[in-house]
Amino acid sequence: TSAAVLVDESRTPRILTTRTLDRRAVGCVAPHFPRLGNQVRVEGYVRIGILVDETGRVTCAHLIGGHPLFVGSAIDAARQWTFRAARQNGRAVSFYGILSFHFSTSYSGKGDPCLSAQ
């Protein structure tokens, strides 16, 4: 039997946005800025699709799109995020989401890593 997934009224799986995921996050890891990106002052975004299981752990992370230099770091970071479990009809369910990471040479790395994924 497969795990239940969070769905909308039409029974279509819901995909949670980065903003919603930020609010559900209990553990966040900021992606590492690659040294080459700093040397050549490259900036960009990476969008990662994730599947979160009933316990709030990321079980799958894959590239949706973004700058190739930052993909590996973004996927590694996304896999380490943890979330409050989602519930539907009284039971814990898995859910899909999209994390969007902004890689900037001006980001200091200080502060809440959840807020760095805007």
Side-chain angles (χ1 to χ4, degrees):
T1 178
S2 61
V5 174
L6 186 64
V7 294
D8 62 19
E9 300 80 30
S10 66
R11 310 285 304 152
T12 302
R14 286 186 55 204
I15 299 174
L16 304 181
T17 64
T18 297
R19 182 179 305 257
T20 301
L21 291 173
D22 276 348
R23 289 192 301 263
R24 295 199 67 78
V26 294
C28 307
V29 173
H32 172 73
F33 197 97
R35 186 183 323 220
L36 178 60
N38 238 351
Q39 291 171 342
V40 296
R41 303 202 51 82
V42 173
E43 298 187 5
Y45 286 89
V46 176
R47 294 179 45 158
I48 303 296
I50 59 172
L51 173 61
V52 179
D53 71 12
E54 309 82 26
T55 66
R57 290 178 333 137
V58 174
T59 59
C60 181
H62 69 278
L63 174 66
I64 293 174
H67 195 290
L69 181 62
F70 304 123
V71 170
S73 180
I75 288 175
D76 290 344
R79 286 183 175 144
Q80 296 177 63
W81 282 47
T82 55
F83 300 89
R84 280 182 291 136
R87 300 191 72 75
Q88 191 163 44
N89 299 324
R91 76 187 251 209
V93 294
S94 298
F95 59 90
Y96 296 102
I98 298 173
L99 288 172
S100 181
F101 294 101
H102 179 214
F103 289 82
S104 171
T105 56
S106 63
Y107 176 63
S108 69
K110 296 181 178 146
D112 185 352
C114 291
L115 301 177
S116 68
Q118 299 293 324

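Residues take their numbers from the sequence shown, with the count starting at 1.
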Trainee: Rounded to the nearest 0.5 Å, what separates atom CD in Q88 from atom CG in L6?
Mentor: 4.5 Å
Trainee: What verdict does the side-chain contact (heavy atoms from CB on, under 4.5 Å) test give for V52 and L16, after you've listed the backbone C-alpha separation in whole Å, the side-chain angles of each residue and the deciding distance to 0.1 Å?
Mentor: CA-CA 11 Å; V52 179; L16 304 181; over 6 Å; no
Trainee: Nearest 0.5 Å, please: how far is CZ in F95 from CD1 in I50?
Mentor: 6.5 Å
Trainee: For the side chain of S94 and the backbone of V5, is there at least one donor-acceptor N/O pair under 3.5 Å apart?
Mentor: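 No, S94 side chain to V5 backbone: no donor-acceptor pair under 3.5 Å.
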Trainee: Is a donor on one side and an acceptor on the other found under 3.5 Å between the side chain of T59 and the backbone of L51?
Mentor: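 Yes.
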Trainee: Is there side-chain contact between R91 and N89, with heavy atoms separated by less than 4.5 Å?
Mentor: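 A side-chain contact is absent here, since even the closest heavy-atom pair is not under 4.5 Å.
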Trainee: Do L99 and W81 make a side-chain contact, defined as non-hydrogen atoms from C-beta onward lying under 4.5 Å apart?
Mentor: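 The answer is yes, as the side chains (C-beta and beyond) meet within the 4.5 Å cut-off.
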Trainee: How many angstroms lie between atom SG of C60 and atom CG of D53, to the nearest 0.5 angstrom?
Mentor: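 Output value for this atom pair is 11.5 Å.
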Trainee: Roughly how far apart are R79 CZ and H62 NE2, rounded to 0.5 Å?
Mentor: 11.5 Å
Trainee: With no hydrogens and no angle check, is any side-chain donor or acceptor of S104 less than 3.5 Å from a backbone partner on E43?
Mentor: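 Not a single qualifying donor-acceptor pair exists.
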Trainee: Search all heavy atoms of I64 against all heavy atoms of I98 and return the closest pair with its distance.
Mentor: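 Heavy atoms of I64 and I98 come nearest at CD1-CG1, 3.7 Å.
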Trainee: Contact between V42 and F103 at the side-chain level, heavy atoms closer than 4.5 Å - yes or no?
Mentor: no
Trainee: Can you give me the closest heavy-atom contact between A61 and I48, atom names plus distance?
Mentor: CB-CG2, 3.9 Å
Trainee: Taking S100's backbone N and O only, do any of them form a donor-acceptor pair with T18's side chain (distance below 3.5 Å, no angle check)?
Mentor: yes
Trainee: Got a donor-acceptor contact below 3.5 angstrom from the R24 side chain to the R84 backbone?
Mentor: yes
Trainee: With rounding to the nearest 0.5 Å, note down the distance linking CD in Q80 to CZ in R57.
Mentor: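 One finds 13.0 Å between CD of Q80 and CZ of R57.
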Trainee: Are side-chain heavy atoms of F70 and F33 found at a separation under 4.5 Å?
Mentor: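 Contact flag for F70/F33 side chains = yes.
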Trainee: Within this structure, what is the NE2-NE2 distance for the pair H67 and H102, rounded to the nearest 0.5 Å?
Mentor: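 Those atoms lie 11.5 Å apart.
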